[in-house]
Amino acid sequence: MAEMIGRRANVVMKFGGSSLRTADRIAHAADLVAAQARAGAPPTVVVSAMGGVTDTLLALVASAAEERLDAEALGALAARHRDAATGRLVSDDREAVLTDLAALAERLGDLLRGMAALGEASPRATDRALSYGERASAVLMASALRARGVHAQALDAAALVRTDSAFGGAHVDAPETTRRIRAAVQPGTVAVIPGFTGADAQGRTTTLGRGGSDLTASLVGAALGAERIEIWTDVDGVLTADPRLVEDAFPIPQMTYAEAAEMAHFGAKVLFPPTMAPALAAGVPIHVRNTFRPDAPGTVVSARGAGADAGHPVRGVASVPGVALLTLSGGGLFGTPGVAARLFTALGRAGVSVALITQGSSENSISVAVAPEQAEAGRVAVDAEFSPEIARGTVAPVSVETDLSILAVVGEGMPQTPGIAGRVFAALGHNGVNVRAVAQGSSERNISVVVSAADRAKALAVVHDGLFLSGAVRLNLFVVGTGLVGAALLDQIAVQAATLRAERGLELRLAGVSNSRTMAFDARGIDLAAWRAARDAGEPASAEAFVDRAIALNLPNAVVVDATAGADVPALYARLLEASLSVSTPNKVALSGPQADYDRLKALAARRGAHLRYETNVGAGLPVVSTLGDLVSSGDRIRRIEGVLSGSLSFIFATFSAAVGGGAPGATVRFSSVVREAQALGYTEPDPRDDLSGADVRRKLLILARDAGLRLEPEAATVRPVLPAACTQAPTVGAFYDQLEAHDDHFDALRRDAAAQGRVLRALAVVDAEAGAASLSVEAVGPGHPAFALDAGDNLVTFCTDRYPDRPLVVRGPGAGAEVTAAGVFAELVQIGGTIR
Ligand code: ADP
Ligand code: ASP
Ligand code: MG
């Protein structure tokens, strides 16, 4: 009884390879053990090989199989251990330690030489070679403990862990192992046990599978009836997802054995999957802790788990990188009992293990996920089993899909909680991740989906964030075009980013930026305060290359902002949308081209769950496009849209007309000088004819008309020329102004005629939905018209609809300028973020 109580106080401390990578780290681990030994009963220690050693050994074995002895690597490995046996790791036993290490290295060298001579690496010899890593670190750890005044002894795992003879992945004989461990571990001495290895009944060395030291620790803890098993690693416990793939992953304070086993089974490397079984059977909790942050609480795995009061049934998300899906389908399966049983029996006989099963609701198909290297064997076995049905044509031969990954959402009782599956699928859908198969409730504690391997990281990140970071959203932005608007946008975001994140839970991350010369990418985010420098230090740019990279990065919630003016990037929107990247664009080219392009882009965006936003195409930051969209989607019918859609034309005609209307000193101001003034103030393009030609307004008209439900080709929007032909044809801007002056009388006459009726001149754009027409022309409008009192430079749009038949809905205000346009794009991004929550 006294002995039992003594055992109860025991703690097992297991250190993984990353915690033992260098002499300093071993020393640090030994400090932790020594502290524990001083605080209570001496712990029992289980060690992995020093970080990277098992991989090195596997490489040595691989060369030996090719009749090569990599003497250099072998020497380096021995030196690595020898060099560690200095300083804080040894005291007066240094010679003995070096002798032990030398003996181990000697035996490893002999073994590898023998394997190289034969050119054969049998599983048995391989396991023997692999065991060297754990043996050597046990020697070092025991010595380091003695150097700390702790009575410690390295034991031989082959004498403790009894397994079958499945080399490379041996199964443990738990009762025998338990007996041996109980007999070997002496009270008062810290036993240092090499993990990962054991021996079969003939005493031949075996290994338990990569990562198997965790299982050794669990076996030891269970055998000793330990108070707890501590798994010391390089992260703060079992995290909600693999931190290498999901940067927002965070530690899980408590979970059940079943949840931990499920996470491990679906790829959470932090725990070797079979680890939980012995601890569960013995009722010993597993405490996963960070060697580098011993004060962090870590994760406690126990029967209790997080308990019912935790409120959130989801514990974590894990993924298996490579799987293949075998699908058996055909009408012959419908309603036939025993199909699944035959399938599994066939797979079992062929030694194929099944990671996941899904059955079509119609029972017309059944799919199983298997390891890729077992796919072919599985296919052959199942085809053979169902050969009679295949011959009759009632069942199709098994189809095999490869390059897939499984993503599993884990939590006790989760499949019974409504809404979780919905959130998983919504997050995947938004990001264009195709779900190839789903298994819900196959176990009581996971929902698993099969996705393309290329989508694995993105899928994990969006599902994780969707489940755990409710309310917080990150958009990954790709900004192409850093002229006035693009630059203003990035500068605005830089200023607002912190506030947005703190107050709205929205993080705008710049994942890529490009001008016409250079482009830069960083999936972790380009420093917004230094985006110019990052861009300039980037690689040579092209629209194609930028778009390709944005797609290839496959980031969650990705939005491309096209702040270019040309047609190159718009030509690639379809590709972006197809890949489920959203587009937010002040560039008008894409939606004002052929009607078929407009239709195609809209349909693509809808199909791929991506946003195609272009609020700033009309009226810059004014809510013109969205107001129209809201009217239409709420069921209103557009009758007529009328307005001044160009800041330059607004300025020019308002200034010109006011010169008479107000009777002010400028009464004699001529049209040509107003245009010069507009240009000087930056209201026009360098060649003012680009504005006066109406080409830009035509694009806006087309977009409004189409959004209002009209279908029309670009030529169908009529633009009555503002300028006399001679002005349009002038070869240079200078010659244009000469011609304009020569025609000033023409404009004076227009102004006089209008004024005679109490009217002013305005460049009016009209969408007449009833007539299916769109036009731009200079009109004389009276005081009853909303454009009459329009301020110079302002935009105005009036919507006349079934709900607003007499007094139109009016949007007006400054409708041009880089700052307001950028602000419009910014608002659009915030809205996109809002749709993702
Ligand atoms: P050790 O050397 O301590 O045995 P491992 O490399 O075997 O460590 O396991 C720890 C690693 O597992 C972490 O560094 C992390 O990269 C990876 N990992 C994968 N999924 C998870 C997860 N859900 N929680 C914690 N770590 C995980
Ligand atoms: N050293 C072994 C490996 O790298 C076992 C372990 O670390 O758990 O797989
Ligand atoms: Mg490990």
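Just follow the structure's listing: the first ligand is 1, and inside any ligand the first atom is 1. Position 1 is the first residue of the sequence; numbering continues from there. Side-chain atoms are counted along with the backbone in the values below, which use heavy atoms only and exclude waters and symmetry mates.
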Open item on the list: Has D214 got a side-chain atom pairing as donor or acceptor with F272's backbone, closer than 3.5 angstrom?
Closed with: yes
Task: Any side-chain donor near an acceptor of the partner, E412 and T256, under 3.5 Å - done: yes
Task: Mode of R244 contact toward ligand 1 - side chain, backbone, both, neither (heavy atoms, under 4.0 Å) - done: side chain
TODO: May I ask you to check whether T233 has an N/O atom sitting below 3.5 Å from an N/O atom of ligand 1?
DONE: yes
TODO: May I ask you to identify, for L239, whether its side chain, its backbone, both or neither come under 4.0 Å of ligand 1 on a heavy-atom basis?
DONE: both
- [ ] State if P243 counts as touching ligand 1 under the rule of any non-hydrogen atom under 4.0 Å.
- [x] yes
TODO: Record the part of S213 in heavy-atom contact with ligand 1 below 4.0 Å; permitted values are side chain, backbone, both and neither.
DONE: neither
Open item on the list: I'd like to know whether H28 forms a ring-ring contact (aromatic ring centres under 6.0 Å, His included) with F15, so could you lay out the CA-CA distance, the side-chain angles of the two residues, the decisive distance to 0.1 Å, and finally the verdict.
Closed with: CA-CA 11 Å; H28 174 62; F15 295 92; 8.6 Å; no
- [ ] Check side-chain hydrogen bond (donor to acceptor under 3.5 Å, both in side chains) between E176 and all other residues, then give those that pass, not counting sequence neighbours.
- [x] R179, R180
Open item on the list: Applying a heavy-atom cut-off of 4.0 Å, say which part of K14 lies close to ligand 1: side chain, backbone, both or neither.
Closed with: side chain
Open item on the list: Regarding T44 and N10, do their side chains bring together a donor and an acceptor under 3.5 Å, going by distance alone?
Closed with: yes
Task: Ligand-residue contact atoms, ligand 1 with V238, heavy atoms, under 4.0 Å - done: 24 (N)
TODO: Give a yes-or-no answer on whether the side chains of D234 and N290 include a donor-acceptor pair shorter than 3.5 Å.
DONE: no
Task: Ligand-side contact atoms (ligand 1) for residue partner A241, heavy atom cut-off under 4.0 Å - done: 22 (C), 23 (N)
- [ ] Would you mind finding which of V270, T299, L20, D242 brings a heavy atom closest to atom 9 (O) of ligand 1?
- [x] V270
TODO: Of all the heavy-atom pairs spanning L74 and G109, show the shortest one and how long it is.
DONE: CD2-CA, 3.9 Å
Open item on the list: Counting only heavy atoms, tell me which of A268, G267, G237 gets closest to atom 25 (C) of ligand 1.
Closed with: G237
Task: Distance-only donor-acceptor check, side chains S319 and S405, under 3.5 Å - done: no
TODO: Please confirm whether the backbone N or O of V409 pairs with a side-chain atom of N446, one donor and one acceptor, at under 3.5 Å?
DONE: no
Open item on the list: Against ligand 1, does S48 come closer than 4.0 Å with any heavy atom?
Closed with: no
Open item on the list: I need the atoms of ligand 1 closer than 4.0 Å to a non-hydrogen atom of V235, numbered in the order shown.
Closed with: 13 (C), 14 (O), 25 (C), 26 (N)
TODO: Select the closest option to atom 11 (C) of ligand 1 among V288, D234, L271, judged by heavy-atom distance.
DONE: D234
Open item on the list: Distance alone, cut at 3.5 Å: any donor-acceptor contact between the side chains of S63 and D70?
Closed with: no
Open item on the list: Give me the nearest non-hydrogen protein atom to atom 5 (P) of ligand 1 as residue plus atom name, then the distance to 0.1 Å.
Closed with: K269 NZ, 3.8 Å
Open item on the list: With no hydrogens and no angle check, just 3.5 Å: does a side-chain donor-acceptor pair link S213 and S48?
Closed with: yes
Task: Any donor-acceptor N/O pair, Q254 side chain to V301 backbone, under 3.5 Å - done: no
Task: Donor + acceptor pair across side chains of N431, N557 (<3.5 Å) - done: yes
Every pair of nitrogen or oxygen atoms between ligand 2 and the protein that is under 3.5 angstrom apart - can you list them with their distances to 0.1 Å?
{"residue": "ligand 2", "atom": "1 (N)", "partner": "T54", "partner atom": "OG1", "Å": "2.7"}
{"residue": "ligand 2", "atom": "1 (N)", "partner": "E134", "partner atom": "OE2", "Å": "2.7"}
{"residue": "ligand 2", "atom": "4 (O)", "partner": "T54", "partner atom": "OG1", "Å": "3.4"}
{"residue": "ligand 2", "atom": "4 (O)", "partner": "R210", "partner atom": "NH2", "Å": "2.9"}
{"residue": "ligand 2", "atom": "7 (O)", "partner": "S48", "partner atom": "OG", "Å": "3.2"}
{"residue": "ligand 2", "atom": "8 (O)", "partner": "G211", "partner atom": "O", "Å": "3.3"}
{"residue": "ligand 2", "atom": "8 (O)", "partner": "G212", "partner atom": "N", "Å": "3.4"}
{"residue": "ligand 2", "atom": "8 (O)", "partner": "S213", "partner atom": "N", "Å": "3.1"}
{"residue": "ligand 2", "atom": "8 (O)", "partner": "S213", "partner atom": "OG", "Å": "3.1"}
{"residue": "ligand 2", "atom": "9 (O)", "partner": "R210", "partner atom": "NE", "Å": "2.6"}
{"residue": "ligand 2", "atom": "9 (O)", "partner": "R210", "partner atom": "NH2", "Å": "3.4"}
{"residue": "ligand 2", "atom": "9 (O)", "partner": "G211", "partner atom": "N", "Å": "2.8"}

